[in-house]
2 protein chains.
Amino acid sequence: MQDYTPAQERVLDAAAAAFSEHGFGGTSTRDIAVRAGRSPAAVYVHYRSKEDLLFAVSRRGHDAAHRAMIEASADAASPTERLGTMVHASTLWHLENARVARVVQYEYGALTEPHRGVIADLRRQTTQLIVDVIAEGDASGDFDVDDIAGTARAVLSLSIDLVRWFSPDRLDQAARIARLNVALAQRMVGADPPRSAPTIRCASR
Amino acid sequence: MQDYTPAQERVLDAAAAAFSEHGFGGTSTRDIAVRAGRSPAAVYVHYRSKEDLLFAVSRRGHDAAHRAMIEASADAASPTERLGTMVHASTLWHLENARVARVVQYEYGALTEPHRGVIADLRRQTTQLIVDVIAEGDASGDFDVDDIAGTARAVLSLSIDLVRWFSPDRLDQAARIARLNVALAQRMVGADPPRSAPTIRCASR
DNA sequence: GTCTATAGTATGATAGAC
DNA sequence: GTCTATCATACTATAGAC
């Protein structure tokens, strides 16, 4: 991770908001400057270019989401619980940071080649978190998964695709959506349902 | 639906490709004109503005995806099968039309207000297809779903989020991904697994 | 329905004063 | 580290000839 001065953060937040609303290509450096309460020239004191700002927003967002997942899953006792805590954390992060997350997830293509490599690495690390827990659960018999990589990708889609439509004024629904995503992810990997009655499910077939 | 002249289609396809690569805001009308093999002025003979072009691309894409799902599910005999055919069709459409789909799914915010309403209607209709089949399966006992609307949203995310990273040169994997998404969606709604052995699953607990 | 030419404005980024 | 002023270019869209 990397630290930012207050002035840098101010520009960074302004850029994230602008990119999220109008896309990278649709955002002008003047728009960023106005949101930050600075002149257009002041932006270039802290960042060399508009793309450099996008890179900073993107790296910061990926780092934060990744850390949230790791911290949430630290004390999980089983693969089912670890997957659950990770999906819960990822979903909450994407909902609570929907604006930043939109930039993080949808503006990858606007990065220049060297920056793209750094972000691709961060993405691989996050995917690996899910791959590892699914592989562990599959090996222990807690899960039943054919395509581990594909299932991991789909599990991450549950939280990522939320930012396509979720608006911050619906944050009161975040907890409900997070709980739903946890249950769906556990079903996707074939984890035993935590609260339902297995005897009834078996008898009914 | 709506018909287009060959000249209109040519510009439409050029716009879809350009928007997909650089985003709406990052695309110039000159870029569209060059891709279509026309002068910048020729674009405005067929469309009143750049945003009008985006609207046409978006409406056309939503219509096509919606029709693909309806046609695929026409002969399905059960809720499980109908959900499967719909997810299969939606996944294949998004993979085979990843460029257009990116515009359709990610550039909604760039539409002007009147156009946004039309697209929002189309989206509601597509979501309703999934909501209906899940509600039917839940009522018949084929599925076991708590949050029908939320689960429908998540099922659609499986196919939509693919366009965030899928590239057309990997189309040979489309069938595999579509099959996986079908299996995942059926697990998400609690449908009985089609091929596994229930006795063994029960005995192992 | 296409072109060339262009109007009028906005853009990313820099120079130089304070 | 911030500002005002500005450069050089690119932008969306239109006018008018063919």
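Scope of the values below: all heavy atoms of this structure, side chains included, with no hydrogens, waters or symmetry mates. Per chain, numbering begins at 1; letters A, B, ... match sequence-line order.
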**Message:** Evaluate A/R164 against A/D161 for salt bridge (charged side-chain N to carboxylate O under 4.0 Å, His left out), listing each step before the verdict.
**Reply:** CA-CA 6 Å; A/R164 187 170 50 85; A/D161 190 54; 2.8 Å; yes
**Prompt:** What ring-ring contact (aromatic ring centres under 6.0 Å, His included) pairs are there with at least one residue in residues 23-43 of chain A, not counting sequence neighbours?
**Reply:** A/F19-A/F24
**Request:** Using side chain to side chain donor-acceptor pair (under 3.5 Å) as the criterion, list what pairs up with A/D142, not counting sequence neighbours.
**Result:** A/S140
**Message:** What does the 5'-to-3' dot-bracket notation of DNA chain C look like when only Watson-Crick and G-U wobble pairs under 3.5 Å count, and pairs to other strands show as |?
**Reply:** ||||||||||||||||||
**Fill in**
Separation of D/dG1 atom C1' from A/H46 atom NE2, nearest Å, is 6 Å
**Complete:** Note: contacts of residues 6-14 of chain A with DNA chain C (heavy atom, under 4.0 Å) are none
**Item:** Presence of salt bridge, A/E107 and A/R102, under 4.0 angstrom
**Value:** no
**Request:** For B/D52 and D/dA13, give me the distance from atom CG to atom P, rounded to whole Å.
**Result:** 10 Å
**Asked** Are the charged groups of B/E21 and B/R35 less than 4.0 angstrom apart, N to O?
**Response** yes
**Fill in**
Applied to residues 95-144 of chain B, the ring-ring contact (aromatic ring centres under 6.0 Å, His included) test, sequence neighbours excluded, yields A/Y106-B/Y106, B/F55-B/H115
**Asked** Salt-bridged, A/D121 to A/R124, with N to O below 4.0 Å?
**Response** yes
**Request:** Return yes if a side-chain donor-acceptor contact under 3.5 Å exists between A/R170 and A/Q173, otherwise no.
**Result:** no
**Asked** Reading nucleotides 7-18 of chain C from the 5' end, what letters show protein touch, with B for base, S for backbone sugar-phosphate only, - for no heavy atom under 4.0 Å?
**Response** ----BBBBB---
